[in-house]
Protein chains: 2
Amino acid sequence: MSSKYPAGRLPEPPSPIADDGDETHFCGTCAFSSACIAAGYDKPELAELQCLVEHVGPFRAGEHIFRTGDPFRAIFAVRGGTVKTRMVDKEGREQVLGFYLPGEVIGLNAIYPEHFPCDAVALDTAFFCRFSFPAMSALASRVPAVQQHLFRMLSKELGTASLLAGDHSADERVAAFLMDLAGRYAARGFSATRFHLSMSRGDIANYLRLAAETVSRVLSRFRNQKLIQIEGRELQLLDPAGLRKIGQALLPD
Amino acid sequence: MSSKYPAGRLPEPPSPIADDGDETHFCGTCAFSSACIAAGYDKPELAELQCLVEHVGPFRAGEHIFRTGDPFRAIFAVRGGTVKTRMVDKEGREQVLGFYLPGEVIGLNAIYPEHFPCDAVALDTAFFCRFSFPAMSALASRVPAVQQHLFRMLSKELGTASLLAGDHSADERVAAFLMDLAGRYAARGFSATRFHLSMSRGDIANYLRLAAETVSRVLSRFRNQKLIQIEGRELQLLDPAGLRKIGQALLPD
DNA sequence: GCAGCACATTGATCCGGATCAATCACGGCC
DNA sequence: GGCCGTGATTGATCCGGATCAATGTGCTGC
């Protein structure tokens with residue numbers, strides 16, 4: 001570890017902010033980049049994609065990108081920062097549905113009900129690309145690659161919903177959660193072994209259907225077992241293989 | 001209750017088998033019926049939908065419609081009978097992902113991975129409409145109603161995945177499960193208060209992340225409380241409002 | 001600097017549901 | 001018919017994680 005950091009501290013990881021893109025190209029980590037590449041950057045349809053996208057933000061930690069019941073008009077790709085989606089039942093209890101990193105898309109579950117079924121809340125300073133959904137659908141009809149990409153994104157999210165399914169131990173859940181995050185950061189080109197947890201222990205616990213105290217205890221145990229190094233919300237995975245083994249029942253492959 | 005049934009026995013409910021449709025019309029309960037109606041039965045594109053659909057079955061209880069790892073080529077609409085989808089981890093433990101009734105569609109979660117990520121197993125004698133997905137996508141490009149219908153089906157399934165989320169008591173889960181089934185039967189025109197549970201207690205328990213014994217106990221308690229009448233797998237809801245109240249935290253509205 | 005507050009950690013106790021176990025009911029099959 | 005396997009029910013015990021509680025730690029604002 002570099003000596004420019006105080007002893008006992010983890011260095012700040014590189015900030016997970018996606019490239020902004022420029023006037024003719026889209027963000028490298030953008031959820032639609034593969035669709036764009038497949039269609040070819042020079043196709044005239046891409047000019048339309050330029051038209052229907054709008055950069056929004058910044059949102060500060062705690063601010064809502066959308067709220068339950070808002071009419072559905074657009075989906076949002078995270079350009080930078082982190083978001084949680086959550087439902088709040090009528091007794092006021094919160095239920096975290098997921099965390100979204102740069103390059104990932106929120107709002108897909110609002111297509112059917114035509115209203116957002118959940119809140120989206122920024123966990124830190126966050127930026128988005130806003131895609132008008134009617135315009136996106138129209139484009140999808142003309143550009144097969146865009147249609148296919150939408151189908152794939154929807155289908156992919158169906159798969160991830162089952163991460164927290166099953167009756168698994170607290171250790172399994174936490175290990176799988178950390179490895180899932182690591183894989184998603186890696187997929188977007190960020191470090192897979194050292195990153196910042198944008199969400200509180202309470203949010204992690206809520207998402208994993210555990211108590212915050214349990215998450216805290218498991219993380220402490222993992223640290224004692226030299227599986228991770230953790231200091232507040234700065235995390236380093238010391239033994240990814242060991243973590244994968246613990247969480248294997250919940251992880252793909 | 002009709003006297004033609006022995007005392008203490010529930011009568012057989014009407015069999016939930018969807019209309020087969022005929023050569024020019026589709027099944028009334030079909031997952032695509034609304035798309036067809038929106039597009040108009042007389043449109044030439046509908047002739048294409050006729051071409052890409054294929055009636056398959058019957059499958060007997062326990063037979064697989066598809067298996068984990070099978071290449072994804074088609075989605076299946078349940079025409080009659082009931083199906084469970086499940087994942088089996090490498091230790092051999094089963095994880096039930098969902099139950100599908102006539103009019104519902106399985107296989108959507110295979111679009112992204114391009115291979116089925118789970119098994120689909122018939123719970124009783126079951127029939128399907130098989131829709132070639134490449135053909136379906138091509139049609140969706142030309143018929144906006146079909147594209148929109150696919151988006152809506154995918155989005156809808158995203159919403160239902162969160163039914164079993166949250167840490168809820170066994171009573172809440174079972175009550176919500178029964179009311180969910182009732183609503184889905186009602187949506188397809190079957191009785192919402194009297195139906196057959198095609199799945200074993202073990203399957204229900206697995207789906208709800210409970211032990212089979214717990215499901216059995218909860219059902220017995222509900223019977224003692226006059227909320228339901230249950231005899232083996234024949235179920236009658238005596239107090240749907242009471243059940244809705246118990247399961248409200250997991251149910252929409 | 002310090003007060004105030006939200007979040008995190010660690011310990012002690014409790015409880016809902018899992019697990020183990022026994023019995024029972026029901027078909028299927030020879 | 002009788003046998004056997006599967007599934008359902010009910011009871012007894014146990015345990016993982018929730019809950020309650022106390023303390024620690026790091027921001028933010030004054």
Side-chain angles (χ1 to χ4, degrees), chain A residues 6 8-10 12 60-62 84 93-96 121 123-125 164 166-177 196-225 228-235 246 249, chain B residues 6 8-10 12 60-62 84 93-96 121 123-125 164 166-177 196-225 228-235 246 249:
Chain A
R9 292 284 177 137
L10 287 173
E12 286 290 319
R60 295 276 154 197
K84 71 172 172 183
R93 286 175 305 199
E94 181 176 358
Q95 174 70 248
V96 174
V121 182
L123 293 174
D124 45 26
T125 304
L164 53 85
D167 61 331
H168 295 281
S169 71
D171 283 22
E172 286 177 295
R173 283 169 198 269
V174 174
F177 172 73
H196 178 83
L197 297 172
S198 319
M199 66 295 288
S200 70
R201 301 288 192 275
D203 282 339
I204 297 172
N206 187 304
Y207 174 66
L208 297 176
R209 325 307 168 201
L210 298 169
E213 294 91 329
T214 303
V215 171
S216 189
R217 276 184 250 269
V218 173
L219 289 175
S220 297
R221 193 167 340 113
F222 284 177
R223 178 173 45 203
N224 293 341
Q225 293 166 189
I228 61 172
Q229 163 79 298
I230 190 165
E231 178 94 20
R233 294 185 179 186
E234 297 305 320
L235 177 71
I246 295 172
Chain B
R9 291 283 177 140
L10 286 174
E12 286 290 318
R60 295 275 154 197
K84 72 172 172 184
R93 286 175 305 199
E94 180 176 358
Q95 174 69 248
V96 174
V121 182
L123 293 174
D124 44 25
T125 304
L164 53 84
D167 60 331
H168 295 281
S169 71
D171 283 22
E172 287 177 295
R173 283 168 197 269
V174 175
F177 172 73
H196 179 82
L197 296 172
S198 319
M199 67 294 290
S200 70
R201 300 289 192 273
D203 282 338
I204 297 173
N206 188 306
Y207 174 67
L208 297 177
R209 324 310 170 199
L210 298 169
E213 294 90 331
T214 303
V215 170
S216 190
R217 276 183 250 270
V218 172
L219 289 175
S220 297
R221 195 168 338 116
F222 284 176
R223 177 173 45 205
N224 293 339
Q225 294 168 188
I228 61 172
Q229 162 80 297
I230 191 166
E231 177 95 19
R233 295 185 180 185
E234 297 304 320
L235 178 71
I246 295 171

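Just so we're on the same page: letters track the sequence lines, and every chain starts at 1. Remember, predicted model here, so these are calculated numbers, not experimental data.
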Starting from [atom2] on [N], measure out to [atom1] on [X] and report it in whole angstrom.
X: B:Leu208; N: C:dA18; atom1: CG; atom2: C1'; value: 15 Å
X: B:Glu213; N: D:dA8; atom1: CD; atom2: C1'; value: 10 Å
X: A:Ile204; N: C:dA8; atom1: CD1; atom2: P; value: 8 Å
X: B:Arg233; N: D:dG7; atom1: CZ; atom2: P; value: 8 Å
X: B:Asp171; N: C:dG16; atom1: CG; atom2: P; value: 11 Å
X: B:Ile228; N: D:dA8; atom1: CD1; atom2: P; value: 14 Å
X: A:His168; N: D:dG16; atom1: NE2; atom2: C1'; value: 15 Å
X: B:Asp167; N: C:dG17; atom1: CG; atom2: C1'; value: 13 Å

message: Given D:dT10, C:dG17, C:dA8, identify the nucleotide with an atom nearest to the side chain of B:Arg223.
response: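 Side chain of B:Arg223 sits closest to D:dT10.
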- prompt: Choosing from D:dG17, C:dA8, C:dG17, which nucleotide comes nearest the side chain of A:Arg201?
  reply: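 The answer is C:dA8, which lies nearest to the side chain.
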query: Would you say C:dA18 has OP1 or OP2 under 4.0 Å from some side-chain N or O of B:Thr214?
result: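 B:Thr214 to C:dA18 OP1/OP2: side-chain N or O found under 4.0 Å.
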message: Strictly below 4.0 Å: does A:Ser220 bring a side-chain N or O up to OP1 or OP2 of C:dT10?
response: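 So the side chain of A:Ser220 is within the cut-off, an N or O lying under 4.0 Å from OP1 or OP2 of C:dT10.
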- prompt: Donor-acceptor pair, B:Asn206 side chain versus B:Val96 backbone, under 3.5 Å?
  reply: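 Yes, B:Asn206 side chain to B:Val96 backbone: donor-acceptor pair under 3.5 Å.
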- request: Spell out, as yes or no, whether a donor-acceptor pair under 3.5 Å connects the side chain of A:Glu172 to the backbone of A:Ser169.
  value: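 The answer is yes, because a donor-acceptor pair under 3.5 Å joins these two groups.
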- prompt: Is it true that atom CZ of A:Arg221 has more than 12 heavy atoms of other residues, nucleotides or ligands lying nearer than 6.0 Å?
  reply: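 Count over threshold, so yes.
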Which part of the nucleic acid, if any, lies within contact of [X], taking any heavy atom under 4.0 Å across all strands shown: a base, the sugar-phosphate backbone alone, or nothing?
X: B:Leu219; result: nothing
X: B:Ala211; result: base
X: A:Ser200; result: sugar-phosphate
X: B:Arg221; result: nothing

Residue of the set A:Leu208, A:Val215, A:Leu123 for which side-chain contact (heavy atoms from CB on, under 4.5 Å) holds with A:Asp203: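 Exactly one option meets the side-chain contact (heavy atoms from CB on, under 4.5 Å) with A:Asp203, and it is A:Leu123.
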message: Quick one, A:Arg233 with A:Met199, criterion side chain to side chain contact (heavy atoms under 4.5 Å, CB included). Give me CA distance, side-chain angles, the key distance, then yes/no.
response: CA-CA 8 Å; A:Arg233 294 185 179 186; A:Met199 66 295 288; 5.9 Å; no
query: Has the side chain of B:Arg217 got a donor or acceptor that lies under 3.5 Å from a partner of the other kind on the base of D:dG11?
result: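 Indeed, a donor on one side and an acceptor on the other fall under 3.5 Å apart.
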